[in-house]
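As the structure is a computational prediction, the values presented were derived from the model and not from experiment. Here is the naming used below: chain letters follow the sequence lines, and residue numbers restart at 1 for every chain.
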Number of protein chains: 2
Amino acid sequence: MGEDLASAAVPAHTSVARGSRNDNTRRHNLSSLLTAVHYGGPLTRAQLTRDTGLNRSTIGGLVTELAQLGLVIEDAAAETGAVGRPSLIVRPRRDVAALALHPDVDAIELGAVAIDGTVLARRRVSVDAPPTPQDAAAFAWEAAREIGEEIPGLRVVGAAAAVPGLVAIDSATVVDAPHLGWRGVDFRETLAEALTLPVVVGNDANMGLRAEWSFGAARGVDTVVFLNGSASGIGGAALVGGRMLRGGRGYGGEFGHMMIRSDGERCSCGRSGCLETELNAERLDAAAHDDAALDALASTLAAAIANLECAFDPDLVLLGGYLGALYDVRRDLVTARVRDLAFRPDVEDVAIARTALGGNRLLIGAAERAFAALLQDPAGVPLVAL
Amino acid sequence: MGEDLASAAVPAHTSVARGSRNDNTRRHNLSSLLTAVHYGGPLTRAQLTRDTGLNRSTIGGLVTELAQLGLVIEDAAAETGAVGRPSLIVRPRRDVAALALHPDVDAIELGAVAIDGTVLARRRVSVDAPPTPQDAAAFAWEAAREIGEEIPGLRVVGAAAAVPGLVAIDSATVVDAPHLGWRGVDFRETLAEALTLPVVVGNDANMGLRAEWSFGAARGVDTVVFLNGSASGIGGAALVGGRMLRGGRGYGGEFGHMMIRSDGERCSCGRSGCLETELNAERLDAAAHDDAALDALASTLAAAIANLECAFDPDLVLLGGYLGALYDVRRDLVTARVRDLAFRPDVEDVAIARTALGGNRLLIGAAERAFAALLQDPAGVPLVAL
DNA sequence: TTAAAATGTTCCCGCAGAAAACATATACCC
DNA sequence: GGGTATATGTTTTCTGCGGGAACATTTTAA
C-alpha cells in the first residue's frame, strides 16, 4: 500500500495500545480476505495469495474458514486460457445482507443489501407528514418481515439508518434532524428494539459518500470531498486518508454551513452567507432559464470547491443532487473558476465528478456501515436469519 | 480506546491489505511498548502489563528485547509503599535521538531531540538572506558534527526538516516555500546526502501541531485544528481522528487561505479575502492600541474558527504565534463570537487554547516525524552513532 | 519472624503462518 | 493423443509468538 509513515496510525498516547496476540493475526487475515472480495468482487485464491503475500496454504485455510462461516462460496474456476491448475474463485455469498433504512421527510425506505453491494429488495412508503422515530421503526419491522418472506434463507448482520441530520459520535443519537423534527432521539435503541438486530445510525451525507467510495464514483479514492444538494439543504462529508471525517462529536463535514459570502443572506443556522443559503434548490430553480444567474450560482459552487481544496487538498470533489446537476450544465465554468481560485494554480486540476449510484446510494452506504463490523471480524459477528 | 467502527481503518480496496504474520504481532507489541514509554514517560512493567493486556511473561520478553536494542533502560523501582515485589521502571534512553532542522527566512536551527522529547542540544545561525537548500544542509552537517562531539555516544535514528511552505506528499519535495524562495527542491535528497542519514521533510505547521499533540497543549487530543500566525503568514494544520490531515498531494490544512471576507483584499495567492490577508501581523501591530480595531481582528479570528468548526468539529482549536497573542487579549470576545457563529449553539463550547511548547515546538515536532519509523518498528530501524 | 501480596522468571503448550513435498488440473508441444 | 511444463490445491512438518502454570523474589503487614 506504500503508506507513508507520516500518515500511519499512531497509537493515541492517552491510552496504551492493546497488545496483539496470535488470534489477532488470524482475525486480521480473515478480515483482509473478506474485505478484498467484498470490494473487489470475485477473486481467485491465487490472486489473494499474491495480493496479501501470504502462503497459499494459509490462504487455503482462511478461505475454508470463511466458507464454513457461510460468508463466501468457492466456485470452479472460469476458463482463463492460462497454463497451470485453475485457481478457485472466491466470492461473497449474496444471501448475507444488511438492512438499510432511510427515513426522510416525504417517505421511508428500507432495503436489504447483499454483502457484494447489490440491493436485493426494497420497500418504500410515502408519508404526508415527516415520520416519527416510532413510525420509521414500525415501517422497518414490517418491511423487513416482508423481505424475509420474499427472500428465504437471507441472513443479516444488522441494520443501519441514514438520517438527514446531525448524529452524535456514538452512532446512536440523532441530535438534530430539523426536517424530520427529531431532536435528541436515541434512534439506535428504537430501531434495535423493533428489529432485534444490532443497529448503527449515521448522517446521510456520510453514508452517501461511503457508498460512492465503496462502489461508485469515488471508488477507492482516499481523499474525497462530497457535496450533496437536496431539498433539505447541502449535505457534506469528507474522506481523509481513507477514513470518514467525523469530528470530535460527530458533526464534522457540515460544508453546507461554510461561509461563502460575508454579506450574504441570513441562514437558518443563525449565520449569514452559508453555502446552502447562497446556493439552494429554489435559487437554482429560479435561475433555470437565466444564463447569468446560472453562471453566478456556478461561481458560488466553484468558490466553495476552492475553499474546500485548500483545507482538504482532495483527490476528488464529488457532487450530488442539484449540485451535480448544476455542475453538469456549467462544467467548463466551474472548472475554470476553480482553477482561477485554486490555491495551487501550478499543479494539475483537482478532479470533479458527479455521483454514480443514484437512488440506491443511501441504502448501499448505510449497509456498508452495517457490514463494517463483520468485515473487521468475520468470525466474531453472528448472522441472524431474517 | 473505544474506537468506533465507523472511523476504524478500512483497508483501501484499490489494493488488498497485506497479510499479517506472527512477526507482525511481535512488531506491533514492541511498537506499543516503545510508543507508550515515549509518550507516557517512564512506566513500570506492571503498568505495561495492565495497559496492554499482555501476559507479564510476554512483557518481560518484550522489554528485554527493547533493552537489548538499546532503546530503553530498566531501573530499580522507586519506593511506592505498596505490598508486593516492586515492578521495574522502563524508560526510554535519552541517548537515542533525532536531528531536527528548521531553515527559516532569518535563521537556520538544528537540534538533537531525545526520544523522550527533551531537546538535548541546539545550534542556531542568523542569516541575512534566506538560505539556499545547500546552505541549510551545510549548516546541518556542521551543527550535527559539533553536537556529536558535545554529546558522545549519541545515537540518532534520522533527521527531519520543518520547512515553511508546501511539501509534497512524498515527504521529500519542497514544492513551494515562498519566503525561502525554494521551489521544487528535493530537500530530502540534499539533506540526506549531507548527513548520511534517513531524512523526512515536512510542513512547519504540521510538525508544530504534531509536537503540541505529543507533548504540548493538544496532548492526546484526537481532533485538533491548529492556526499559527507568523511573519510568513498563517500556517494551518489539522489532526483528524488522531491522524495528521495531509491531503492527496500533501497540501491539506492551508487554512490561511480560507476565504473569510468575500469583498476582502487581494491575497498573494491570487484570491481575495483570505484569512491571512485579513488578519496578518502588520494589521495586528497597527491595531495594538486601537480597541475597536483589535475587536474587529478578534471577530475575524472567531469567524475563521467557526468556519473550521463546522468543517472539522474539533475537540480543540489551538492557536499559535500572533493568533495566540490576539486570542489572549480578546479571549472573551473570541469565545463569545465563536459561540454566536457556532453551527451548533446548543452544545458546549469547543475548547480553544494557546500553544504550550514555545521555541522548541518545531524541533520537537520534526523529531517526532523522524522517530515515527522507529516507534512503528523498534527492531527494524537502525540507529547511527553521530 | 512469618504470612500475604505482587511481580519477575522459567518452562511448556497451543495456535498462527511458512515451507516443503506431494497431488491435481490446465496448456503447450511433438 | 501422449508427454511435459506450469500453476495451484492439499497435507505435513517446522518455527515463532503469546498464554499460563509453577516457582522465585521482594516488598508490606501482622
(request) Tell me whether the OP1 or OP2 atom of C:dT7 has a side-chain N or O from B:R50 closer than 4.0 Å. (result) yes
(message) Would the distance check show the side chain of A:T118 and the main-chain N or O of A:L120 forming a donor-acceptor pair, the cut-off being under 3.5 Å?
(response) no
(message) Check this one for me: any side-chain N or O of B:R21 less than 4.0 Å away from OP1 or OP2 of C:dA18?
(response) yes
(request) Compare side-chain N and O positions of A:R26 against OP1 and OP2 of C:dC15 and report whether any pair is under 4.0 Å apart. (result) no
(message) On the nucleotide C:dG17, are OP1 or OP2 found under 4.0 Å from the side-chain N or O atoms that A:N29 carries?
(response) yes
(message) Can you work out whether A:D23 or A:A82 has the more 5'-proximal nearest nucleotide on DNA chain C?
(response) A:D23
(message) Taking the minimum atom-to-atom distance to the side chain of B:P86, which one of C:dA18, D:dT27, D:dA24 wins?
(response) D:dT27
(request) Can you tell me the distance, in whole Å, between the CG atom of A:L88 and the P atom of C:dT24? (result) 14 Å
(message) With hydrogens left out and only the distance checked, is there a donor-acceptor pair under 3.5 Å joining A:S57's side chain and the base of D:dG9?
(response) no
(message) Looking at B:T25 and C:dA16, is any side-chain donor or acceptor paired with a base atom of the opposite kind under 3.5 Å?
(response) no
(request) Tell me which of B:R27 and A:N55 sits closer to the 5' end of DNA chain D, going by the nucleotide each one is nearest to. (result) A:N55
(message) Rounded to whole Å, how long is the line connecting atom CZ of B:R56 with atom P of C:dA5?
(response) 14 Å
(message) Parallel, tilted or perpendicular, judged at 30° and 60°: which one describes the rings of B:F215 and B:Y39?
(response) tilted
(request) Test side chain to side chain donor-acceptor pair (under 3.5 Å) on A:R246 and A:S171 and set out the steps. (result) CA-CA 11 Å; A:R246 304 190 80 206; A:S171 298; 3.1 Å; yes
(message) Using a 4.0 Å heavy-atom cut-off, does A:G81 contact any base of the nucleic acid, only the sugar-phosphate backbone, or nothing at all?
(response) sugar-phosphate
(message) With a 4.0 Å limit, can you tell me whether B:S87 has a side-chain N or O closer than that to the phosphate oxygens OP1/OP2 of C:dG8?
(response) yes
(message) I'd like to know if B:N22 reaches the base of C:dA16 with its side chain, counting only an N/O donor and acceptor under 3.5 Å.
(response) yes
(request) Measure from the side-chain heavy atoms of A:V83 and tell me the nearest of C:dT26, D:dT8, C:dG17. (result) C:dT26
(message) I need the CZ-C1' distance between B:R85 and C:dT9, as an integer number of Å.
(response) 8 Å
(message) Between B:R155 and B:R93, is there a side-chain heavy-atom distance shorter than 4.5 Å?
(response) yes
(message) Tell me whether the side-chain N/O atoms of A:T58 come closer than 4.0 Å to OP1 or OP2 in C:dA18.
(response) yes
